[in-house]
Amino acid sequence: MPSTPLPTTRTTDVDADSHRASTPLLPALPCALLCTLLFGLLLTLVVARWGPLMSLDTGLSGALHRTAVAAPGWTRLNRVLSDWVWDPWAMRVLLAAAVVVLVRRGERRLAVWVVATALVGTVLQQAVKALVGRDRPAWPDPVASAGYSAFPSGHALTALVAGALVLWLLRLAGARPLWRWTARTVIAVSVVGVGFTRVYLGVHWPSDVIAGWLLGGALVTGSSAVYTAYASRLDPGAAQRAGWRS
């Protein structure tokens, strides 16, 4: 009499797939929460004009401005980097190229998600600028100028959002480690570099730049977590591919 086969693998495989579908959310959510809390704390200190933070902002900005005035060659280089290489529009062009690649590969849902995330970032930074209304540094001998309010830095936020989204897309595409490490290096230099140029040129306080990084980090990690949850409902295997685990 033939024996009845035991269901040994299917249940295990289903459980494993369910576990893999849920794990990619874990690293992104705490990061998004931490960035949001830190941004909220920094926002509160700026609005309250907390003395130690104001003194630190003034001291660092003043020291860099004096250097910028005394070294016009370095100042011209920083203006080129800030106004052209790492300008928000240059970052948007980079994202637009990535979106075109996604559309050509048939990843229209992901392309729309990237565009939506970038647009939300722009709306957020302008809304916070208008609500806080922080004045930019004012110098008797300025070396550069900028419009709108200071907090947060739009250059810093846009560079981080664009760079982090590109890294996420490379992860989803299964890019080789060499390409991903190269991209990480270039993007890290760009994000830190544009933050430095904005303070060096005297158009932002250091806390403006940090706020831009924190808000951008909260946005991208939160967006990646939501996309992973959404994709997992449509295709459980997509959650593993969309995980923020790099």
Distance from Leu45 atom CG to Leu56 atom CG, nearest 0.5 Å?
11.5 Å
Could you grab the distance from atom CG of Leu102 to atom CG of Leu110, nearest 0.5 Å is fine?
5.0 Å
Are Trp168 and Tyr227, when compared by the centres of their aromatic rings, separated by less than 6.0 Å?
yes
Provide the closest heavy-atom pair for Ser224 versus Thr221 in the form atom of the first, atom of the second, distance.
OG-O, 2.8 Å
Going only through I, L, V, M, F, W and Y residues with side-chain contacts under 4.5 Å, is there a path from Leu94 to Val186?
no
Just verifying a value: how many Å separate Leu95 CG and Thr117 OG1, rounded to the nearest 0.5 Å?
9.5 Å
Kindly say whether Leu219 contributes a backbone atom to a donor-acceptor pair with the side chain of Ser223 at under 3.5 angstrom?
no
Atom OG of Ser153 and atom CZ of Arg198: how far apart are they, to the nearest 0.5 Å?
6.0 Å
Going by heavy atoms in the side chains, are Leu42 and Ser207 under 4.5 Å from each other?
yes
Any donor-acceptor pair under 3.5 Å linking the side chain of His155 with the backbone of Pro88?
no
Which atoms form the tightest heavy-atom contact between Val220 and Ala164, and what is the distance?
CG1-CB, 3.7 Å
Kindly work out whether a path of hydrophobic side-chain contacts (I/L/V/M/F/W/Y, heavy atoms less than 4.5 Å apart) joins Val120 to Leu169.
yes
Can you find a pair of side-chain heavy atoms, one from Val69 and one from Trp139, that are under 4.5 Å apart?
no
Do Phe196 and Leu64 come within less than 4.5 Å of each other through their side chains, counting heavy atoms only?
yes
Enter the distance from Trp205:CH2 to Ile210:CD1 here, rounded to the nearest 0.5 Å.
14.0 Å
Walk me through whether Leu81 and Val194 qualify under side-chain contact (heavy atoms from CB on, under 4.5 Å).
CA-CA 7 Å; Leu81 292 172; Val194 75; over 6 Å; no
Using a strict 4.0 Å threshold on nitrogen-to-oxygen distance, state whether Arg92 and Asp87 make a salt bridge.
no
So which heavy atom on Val128 is nearest to which on Pro152, and how close?
CG1-CD, 3.6 Å
Within the 4.5 Å heavy-atom criterion, are Tyr200 and Trp74 side-chain neighbours or not?
yes
Is the closest side-chain heavy-atom distance between Val199 and Val209 below 4.5 Å?
yes
Flag yes if Leu124 and Leu119 sit in one hydrophobic cluster, no otherwise; membership is Ile, Leu, Val, Met, Phe, Trp, Tyr, and two members link when side-chain heavy atoms are under 4.5 Å apart.
yes
With a 4.5 Å heavy-atom cut-off, do Lys129 and Phe151 have their side chains touching?
no
Decide yes or no for Phe39 and Thr36: does some side-chain heavy atom of the first lie under 4.5 Å from some side-chain heavy atom of the second?
no
Does the side chain of Val101 reach to within under 4.5 Å of the side chain of Arg105, using non-hydrogen atoms?
yes
Ion pair check, Arg134 and Asp208, cut-off under 4.0 Å:
yes
So Trp213 and Val191, side-chain contact (heavy atoms from CB on, under 4.5 Å) or not? Walk me through it.
CA-CA 8 Å; Trp213 290 338; Val191 170; 3.3 Å; yes
Taking all non-hydrogen atoms of both residues, which atom of Gly216 and which atom of Leu160 are closest, and how far apart?
C-CD2, 3.4 Å
Please evaluate residues Arg79 and Val143 with respect to the criterion side-chain contact (heavy atoms from CB on, under 4.5 Å), reporting the C-alpha separation (whole Å), side-chain torsions for both, the decisive distance (0.1 Å), and the verdict.
CA-CA 9 Å; Arg79 292 196 63 171; Val143 298; 5.8 Å; no
Measure from NZ or CZ of Arg184 to the centre of the six-membered ring of Trp181, then state whether that distance is under 6.0 Å and the direction lies within 45° of the axis.
yes
At their closest point, which heavy atom of Val203 faces which heavy atom of Arg136, and how far apart are they?
O-NH1, 2.7 Å
First locate atom CG of Leu165, then atom CE of Met91, and finally report the distance between them rounded to the nearest 0.5 Å.
12.5 Å
Side-chain heavy atoms nearer than 4.5 Å, only ILVMFWY residues, links allowed to pass through others: does that put Val103 and Leu170 together?
yes
Short question: side chain of Thr75, backbone of Ala68 - any donor-acceptor pair under 3.5 Å?
yes
Flag yes if Leu34 and Val226 sit in one hydrophobic cluster, no otherwise; membership is Ile, Leu, Val, Met, Phe, Trp, Tyr, and two members link when side-chain heavy atoms are under 4.5 Å apart.
yes
Mind listing the closest non-hydrogen atom pair of His65 and Pro142 along with its distance?
CE1-CA, 4.1 Å
Trp89 vs Thr158, test: side-chain contact (heavy atoms from CB on, under 4.5 Å). Steps then yes/no.
CA-CA 9 Å; Trp89 282 107; Thr158 305; over 6 Å; no
